[in-house]
Amino acid sequence: MDDNVLYEATGSVAWITINKPQKLNALDRNTVEAIAAAAGRAQDDDAIRVIVLTGAGEKAFVAGADIKEMSTLEPAEAQSFSRFLQDSLDRLERSPKPVIAAINGFALGGGCELALACHVRIAADNARFGQPEVSLGLMPGAGGTQRLQRVVGRGRALDLILSGEMIDAAEAHRIGLANQVVPAADLRDAVTAYAEKLCSKSPLALARCIEAIVSGGETGQHEAMVLEAGLFGLCFATEDMREGTTAFLEKRQADFPGR
Ligand code: CAA
């Protein structure tokens, strides 16, 4: 694995840390590939149920795509870089295991877009969010024009993307961009607590919820309802569903086998 990305399995949780703090964890192509490889490793490990993405250091989650690497791209190369980023983040969003962004500082440009591709965003109170691309003469290219408006609404997305201004963690929470804000010193504990809550649920049910929300959100409501019903039906083929309903009726905690 690339040193730019660290991988640590703690119980059922895989922590993936983007490790270029001297560059505020800016995303160059190699780093994005290493994140994808680490996420793939977590997917392949049956012991892992939740994935956490965070940044090294106290200043940044990710301060964007690497501006130096991007500065010399020709138009066709930039288009292909954008498709590469989009595909990498799409794969993360389609992960059947929940992905939590532990946002420990700046989440700007591609960093905000990376956080948007995660299923849950928990931010330290010193985090700052923004899409500053217009100040560089460019625009979001890692899905930000689409995901941001789906998360915070078109009006706020237009405001953030056109102004290029940063917002603090409290404002990100107010508009629904951050699910939770905690003191910076408590971020790891808060993310661990949230991850453990997800680990206690049926992993098969979680995967189907993600599929219904992510894939369903990209189609019309009727098709999405058909997809939802199909996935709902599949839940009834699992031992997890038998265990969950039996445990409720027996007034005990469920212990999901993940089958
Ligand atoms: N790419 C490359 N290097 C970056 C970077 C980035 N996105 N962000 C920060 N760095 C580097 C800086 O160049 C600096 O390196 P040196 O020490 O070698 O000079 C180092 O990280 C520390 O950064 P600063 O000295 O600038 O730290 P600061 O505290 O003064 O400022 C900041 C922090 C406001 C976040 C500032 O670094 C900044 O504005 N960064 C760029 C943010 C940005 O524009 N992001 C969007 C990128 S475009 C994009 O992401 C496109 C897309 O959608 C795919």
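For the single chain, residues carry numbers from 1 onward in sequence order. Atoms within each ligand, like the ligands themselves, are counted from 1 in listed order.
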_A cation-pi test, strictly: NZ or CZ of R29 under 6.0 Å from the centre of the six-membered ring of F81 and no more than 45 degrees from its axis. Yes or no?_
no
*Does the side chain of D189 come under 3.5 Å of the side chain of T192 through a donor N or O and an acceptor N or O?*
no
*asked:* With the threshold set strictly below 4.0 angstrom, can you tell me whether any protein non-hydrogen atom sits that near atom 50 (O) of ligand 1?
replied: yes
*Flag atom 13 (O) of ligand 1 as yes if some protein heavy-atom distance to it falls below 4.0 Å, otherwise no.*
no
*asked:* For the CZ atom on R252, are there more than 12 heavy atoms of other groups (residues, nucleotides or ligands in this structure) within a distance under 6.0 Å?
replied: yes
*Near L136, which atoms of ligand 1 are under 4.0 Å from a heavy atom of that residue?*
44 (O), 47 (C), 48 (S)
*Answer side chain, backbone, both or neither: which part of Q22 comes under 4.0 Å from ligand 1, heavy atoms only.*
backbone
*Kindly give the heavy-atom pair with the smallest separation between A102 and V191, and that separation in Å.*
CB-CG2, 3.7 Å
*Is there any N or O on Q131 that sits under 3.5 Å from an N or O of ligand 1?*
no
*Under 4.5 Å between side-chain heavy atoms, hopping through other hydrophobics if needed: is there a path connecting L136 to L27?*
yes
*When rounded to the nearest 0.5 angstrom, what is the spacing between CG in N104 and CD1 in I18?*
9.0 Å
*asked:* Regarding E239 and R242, does a basic nitrogen lie under 4.0 Å from an acidic carboxylate oxygen?
replied: no
*Report, as yes or no, whether the 6.0 Å neighbourhood of atom CD on E58 holds more than 12 heavy atoms from other residues, nucleotides or ligands.*
no
*Neighbour count above 12 (heavy atom, 6.0 Å) for Q79 CD*: no
*Would you name the heavy atoms of L53 and F61 that are closest together and state the gap between them?*
O-CE1, 3.5 Å
*Based purely on interatomic distance, does F106 place a nitrogen or oxygen under 3.5 Å from a nitrogen or oxygen of ligand 1?*
no
_Location of contacts on A26 toward ligand 1, heavy atoms closer than 4.0 Å_ = side chain
_Does the protein come close to atom 31 (O) of ligand 1 - that is, does one of its heavy atoms sit below 4.0 Å from that atom?_
no
*Numbering the atoms of ligand 1 from 1, which are under 4.0 Å from a heavy atom of L85?*
54 (C)
*Numbering the atoms of ligand 1 from 1, which are under 4.0 Å from a heavy atom of P140?*
53 (O)
*G141: numbered ligand 1 atoms lying under 4.0 Å from its heavy atoms*: 52 (C), 53 (O)
*Assess whether atom CZ of R94 is packed by more than 12 heavy atoms of other residues, nucleotides or ligands within 6.0 Å.*
yes
*So, for atom 26 (O) of ligand 1, does the protein have a heavy atom nearer than 4.0 Å?*
no
*asked:* Once rounded to the nearest 0.5 Å, what's the spacing between atom CG of L177 and atom CG of L160?
replied: 7.5 Å
*Show which atoms of ligand 1 fall inside a sub-4.0 Å distance from at least one heavy-atom site of L108.*
35 (C), 42 (C)
*Is R128 in contact with ligand 1, taking contact as a heavy-atom separation below 4.0 Å?*
no
*asked:* Give me the atom names and distance for the closest heavy-atom approach of Q131 to C112.
replied: OE1-CB, 3.3 Å
*When you look at CD of Q253, are more than 12 heavy atoms from neighbouring residues, nucleotides or ligands closer to it than 6.0 Å?*
no
*Which residue holds the protein heavy atom closest to atom 2 (C) of ligand 1, what is that atom called, and what is the gap in Å?*
I67 N, 3.4 Å
*Under 4.0 Å from any heavy atom of K59, which atoms of ligand 1 are there?*
27 (O), 28 (P), 29 (O)
*Between R147 and D90, is there a side-chain N and carboxylate O pair less than 4.0 Å apart?*
yes
*asked:* Is it the case that ligand 1 has an N or O less than 3.5 angstrom from some N or O of L138?
replied: no
*Give a yes or no on whether atom 16 (P) of ligand 1 lies under 4.0 Å from any heavy atom of the protein.*
yes
*Per-atom contacts, ligand 1 versus E113 - under 4.0 Å to a heavy atom*: 52 (C), 53 (O), 54 (C)
*Just to confirm, does any protein heavy atom lie below 4.0 Å from atom 38 (C) of ligand 1?*
no
*What residue and atom, counting heavy atoms only, is the protein's closest point to atom 34 (C) of ligand 1, and at what distance?*
M166 CE, 3.9 Å
*N/O to N/O below 3.5 Å, does that happen between A63 and ligand 1?*
yes
_I'd like to check which ligand 1 atoms, numbered from 1 as shown, lie under 4.0 Å from a non-hydrogen atom of G109._
46 (C), 50 (O)
*Looking only at protein heavy atoms, identify the closest one to atom 24 (P) of ligand 1 and say how far it is in Å.*
L24 CD1, 4.5 Å
*Please check atom 19 (O) of ligand 1 for a protein heavy-atom neighbour under 4.0 Å.*
no
_One residue to check: L27. Relative to ligand 1, which of side chain, backbone, both or neither has a non-hydrogen atom less than 4.0 Å away?_
neither
*Other residues, nucleotides, ligands: >12 heavy atoms within 6.0 Å of E250 CD*: yes
*What heavy-atom pair brings N25 and A56 nearest, and what distance separates the two atoms?*
ND2-O, 3.0 Å
*With heavy atoms only and a cut-off of under 4.0 Å, state how K23 meets ligand 1: side chain, backbone, both or neither.*
both
_Heavy atoms only, cut-off 4.0 Å: how does P132 contact ligand 1, side chain, backbone, both, or neither?_
side chain
*Looking at ligand 1, does E69 have a heavy atom less than 4.0 Å from it?*
no
